[in-house]
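Computation of the quantities below employed the complete heavy-atom set of this structure, encompassing side-chain atoms and omitting hydrogens, waters and symmetry-equivalent molecules.
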Amino acid sequence: MGERARLLATLPFRVWAVLHAVLVLAQVGLAGALLDAALGALAWHGGIGGSLILVAMVQTVLAVPAAWPGRMPGWPVAVSAVLVVADTAQVAVGHLGLLAVHVPLGVAIVVTQVVLAARALLPADRRDARQRPGTISAEH
């Protein structure tokens, strides 16, 4: 597979992962606005939160061609699928008002998605330095 084809396989996932990260970071800001009793913050927080389930589903689908044939690592597929479950649970515990679960789960979701988006912006090549032509491995 050529470089252009790999780029086309990975670009949608890269863009979507960054968009997803922006949305989860917006949730942090909206949660802070809730503490300040800002008008409309709860509606926005709930609306974005509910949409994040669909956003994570699309991210999971886009991660598959990014890994195969796009040559990104395979773990973003699994992590994205876990985020679908986590986002679903997050919406449920949020509606139940279980802040002792909602807040730490939200922190875990934000950290996970930001790390995933950061990884998505790295080069897609899965091979390590020992496999790349012209590099010297620590074993030699």
Side-chain angles (χ1 to χ4, degrees):
M1 173 177 260
E3 281 300 312
R4 182 161 197 245
R6 271 197 296 236
L7 175 66
L8 291 174
T10 60
L11 186 62
F13 173 73
R14 292 171 192 261
V15 170
W16 198 264
V18 171
L19 170 71
H20 192 174
V22 168
L23 288 173
V24 297
L25 289 170
Q27 287 293 81
V28 173
L30 288 167
L34 283 171
L35 295 175
D36 201 27
L39 186 63
L42 181 60
W44 279 98
H45 186 73
I48 292 174
S51 71
L52 284 173
I53 299 168
L54 179 60
V55 171
M57 288 177 180
V58 171
Q59 179 173 286
T60 303
V61 171
L62 294 175
V64 173
W68 308 282
R71 297 188 66 176
M72 287 185 79
W75 64 264
V77 178
V79 171
S80 296
V82 168
L83 283 168
V84 173
V85 175
D87 287 341
T88 303
Q90 180 71 335
V91 169
V93 297
H95 281 289
L96 292 172
L98 301 173
L99 293 180
V101 178
H102 189 69
V103 172
L105 181 56
V107 170
I109 289 169
V110 169
V111 169
T112 301
Q113 184 57 42
V114 168
V115 168
L116 187 63
R119 172 52 190 100
L121 297 176
L122 293 175
D125 197 353
R126 280 192 268 192
R127 297 176 299 165
D128 64 13
R130 293 177 304 214
Q131 297 170 320
R132 289 191 190 121
T135 60
I136 300 172
S137 71
E139 297 173 10
H140 291 96

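The hydrophobic cluster containing V24 does not contain V85, counting ILVMFWY residues as joined when their side-chain heavy atoms lie under 4.5 angstrom apart, directly or transitively. In terms of hydrophobic clustering, with Ile, Leu, Val, Met, Phe, Trp and Tyr side chains grouped at heavy-atom distances under 4.5 Å, L99 and I48 are assigned to different clusters. No chain of hydrophobic side-chain contacts below 4.5 Å, direct or via other Ile, Leu, Val, Met, Phe, Trp or Tyr residues, connects V111 to V79. When hydrophobic clusters are built by joining Ile, Leu, Val, Met, Phe, Trp and Tyr residues whose side-chain heavy atoms come closer than 4.5 Å, directly or via intermediates, V115 is not grouped with V110. Under the 4.5 Å side-chain heavy-atom criterion for Ile, Leu, Val, Met, Phe, Trp and Tyr, L83 and V114 are members of the same hydrophobic cluster.
In terms of heavy-atom proximity, A21 sits nearest to A117 at CB-CB, 3.8 Å. Counting all heavy atoms, side chain and backbone alike, R119 lies closest to W75 at CG-CZ2, 3.3 Å. A67 and G74 get closest at one heavy-atom pair: CB-CA, 4.1 Å. Contact between A100 and P104 at its shortest, heavy atoms only, is O-CG, 3.1 Å.
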Under 3.5 Å, which donor-acceptor pairs link side chains of residues 54-66 to any protein atom two or more places apart or in another chain?
unit_1: Q59; atom_1: OE1; unit_2: H20; atom_2: ND1; d: 3.0
unit_1: Q59; atom_1: OE1; unit_2: Q113; atom_2: NE2; d: 3.0
unit_1: Q59; atom_1: NE2; unit_2: S80; atom_2: OG; d: 3.0
unit_1: Q59; atom_1: NE2; unit_2: Q113; atom_2: OE1; d: 3.1
unit_1: T60; atom_1: OG1; unit_2: A56; atom_2: O; d: 2.8
unit_1: T60; atom_1: OG1; unit_2: S80; atom_2: O; d: 3.2
unit_1: T60; atom_1: OG1; unit_2: A81; atom_2: N; d: 3.3

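Members clustered with L34: L42, by chain and number, using a 4.5 Å side-chain heavy-atom cutoff among hydrophobic residues.
The side-chain hydrogen bond (donor to acceptor under 3.5 Å, both in side chains) contacts involving residues 86-96 comprise Q90-H102, where partners must be two or more places apart or lie in separate chains.
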Exercise for review: Give the C-alpha distance, both sets of side-chain angles, the deciding distance and a yes or no for side chain to side chain contact (heavy atoms under 4.5 Å, CB included) between Q27 and I109.
Suggested key: CA-CA 11 Å; Q27 287 293 81; I109 289 169; over 6 Å; no

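Annotation: L39, atom CG; neighbour count of heavy atoms from other residues, nucleotides and ligands within 6.0 Å does not exceed 12.
For the atom pair CG of L23 and CG of L30, the computed distance is 10.0 Å after rounding to the nearest 0.5 Å.
In terms of modelled atom types and a separation under 3.5 Å, the side chain of R6 and the main chain of M72 share no donor-acceptor contact.
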